[in-house]
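In what follows, chains carry the letters A, B, and so on, assigned in the order in which the sequence lines appear, proteins first and then strands, with residues in each chain numbered from 1.
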Protein chains: 2
Amino acid sequence: MDAVELLRQLKGKGVRFTPQRQAILEFLLETKSHPTAEEIFQHVKEKFPGVSLGTIYNTLNMLKEHRHILELSYGDTSSRFDGNPENHYHVVCSNCGKVVDYDRPLLHLEQEASDATGFRIDGHRLEFYGLCPDCRKRQPVH
Amino acid sequence: MDAVELLRQLKGKGVRFTPQRQAILEFLLETKSHPTAEEIFQHVKEKFPGVSLGTIYNTLNMLKEHRHILELSYGDTSSRFDGNPENHYHVVCSNCGKVVDYDRPLLHLEQEASDATGFRIDGHRLEFYGLCPDCRKRQPVH
DNA sequence: CTATATGCAAACCATTTGCATTGAG
DNA sequence: CTCAATGCAAATGGTTTGCATATAG
């Protein structure tokens, strides 16, 4: 589903279709880089020099509420955003912060976790930490 | 291993043993609540009314660097700290923010993740999200 | 028209930093 | 004595909020 189609659907929920939102969502859907709000801002500014960071955050929060994107917050300073809203796993570089998808079948652990803890489990998150191939080369020992 | 013993060991690494540090570490080792820095601050203030938040953060960062505690940062506003430095899994309440240990054997997925992504994997993190028993009662539908 | 979104600036708030003073070793 | 740790206050930085203006519907 592309950005235009997705934003058209949202119109039914009282959400307005603006060119800034289209640009933000298009970027999130086409990139695999899991960008930060700042990076999205820099990218959108190329087409809309007057756009503000506030608009980026406004749109990201709206898309998050409607479950069309994922916010990834690792211990880092800033969150990253993922245009793929389905649960999937990530590998995070401890050195450069890069986030890469790790596509594998989902684990079925939620029933077991629910039984063990008494929580009603709605989802889970799995991330791996390490050095990406690039950082591995640059600091072979560490 | 208790707080005093642990801090004595750290002396060999140029770390000073102060009563504030002892109180912070003792609290982290005895509680199962995964407290925030602010909560640790409030607790330590009972014994040391003059302690400052800066000292809490200073100590937490020192303990983290020496891998005696874990910093848990979920999307929340503030981090939580865990006196158990071994990798283990957590269940987080989406409503009240409570974090509970979920003790189960570790998953052996790192080799597979490394093969699939080219990263040198050093660790992984697994968290479950949902409603804790208390919040479940209070908002049965959601 | 009218209400939501935008752009801008100020506010927030968890965490960090700077610095004079204290105190551990 | 000496240097790391403390307490305090100011600074930082990502994110949110407030408000006047612009614009989607």
Could you tell me which non-hydrogen atom of [X] sits nearest to which non-hydrogen atom of [Y], and how far apart they are?
X	Y	result
B/I40	B/P35	CG1-CG, 3.7 Å
B/L29	B/G83	CD2-O, 3.7 Å
B/C93	A/F119	N-CE2, 3.7 Å
A/T117	A/A113	OG1-O, 2.7 Å

- Task: Considering only NZ, NE, NH1 and NH2 on the basic side and carboxylate oxygens on the acidic side, decide whether B/R136 and B/D134 come within less than 4.0 Å.
- Result: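 The answer is no: the pair does not qualify as a salt bridge.
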- Would you call B/R67 and B/E65 a salt bridge, using N to O less than 4.0 angstrom? no
Between [atom2] on [N] and [atom1] on [X], what's the gap in Å once rounded to a whole number?
X	N	atom1	atom2	value
A/I56	C/dG7	CD1	C1'	11 Å
A/F41	C/dG7	CZ	P	9 Å
A/R16	D/dA22	CZ	P	15 Å
B/R8	C/dG25	CZ	P	10 Å
B/N58	D/dC8	CG	P	15 Å
B/E65	C/dT16	CD	P	10 Å
B/L10	D/dA5	CG	C1'	14 Å

- Query: Among C/dG7, D/dA5, C/dA5, which is the nearest nucleotide to the side chain of A/V51?
  - Reply: C/dG7
- Check whether any side-chain nitrogen or oxygen of A/K11 sits under 4.0 Å from OP1 or OP2 of D/dG25, and answer yes or no.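 So the side chain of A/K11 is within the cut-off, an N or O lying under 4.0 Å from OP1 or OP2 of D/dG25.
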- Query: Where each residue is assigned the nucleotide of DNA chain C containing its nearest heavy atom, which of A/P49 and A/M62 is assigned the position nearer the 5′ end?
  - Reply: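 Comparing both residues, the 5'-ward one is A/M62.
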Keeping [X] on the side-chain end and [Y] on the backbone end, is there a donor-acceptor pair under 3.5 Å?
X	Y	result
A/D101	A/D103	no
A/H88	A/E86	yes
A/N58	A/G54	no

- Aromatic ring proximity B/H124/A/Y89, centre distance under 6.0 Å: no
- Task: Go along nucleotides 9-17 of chain D 5' to 3' and tag each nucleotide: B for a protein heavy atom under 4.0 Å from its base, S when only backbone or sugar atoms are that close, - otherwise.
- Result: -----SSB-
- Query: Among residues 17-25 of chain B, which residues get a heavy atom nearer than 4.0 Å to DNA chain D?
  - Reply: B/T18, B/Q20, B/R21
- Specify the angle, to 10°, made by the local axes at the two ends of the helix from C/dC1-D/dG25 to C/dG25-D/dC1 when five pairs are taken at each end.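 End-to-end axis angle for the helix from C/dC1-D/dG25 to C/dG25-D/dC1: 40°, rounded to 10°.
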- Have B/Y129 and A/E110 got a donor and an acceptor in their side chains that come within less than 3.5 Å?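 Checked: B/Y129/A/E110 side chains show no N/O donor-acceptor pair below 3.5 Å.
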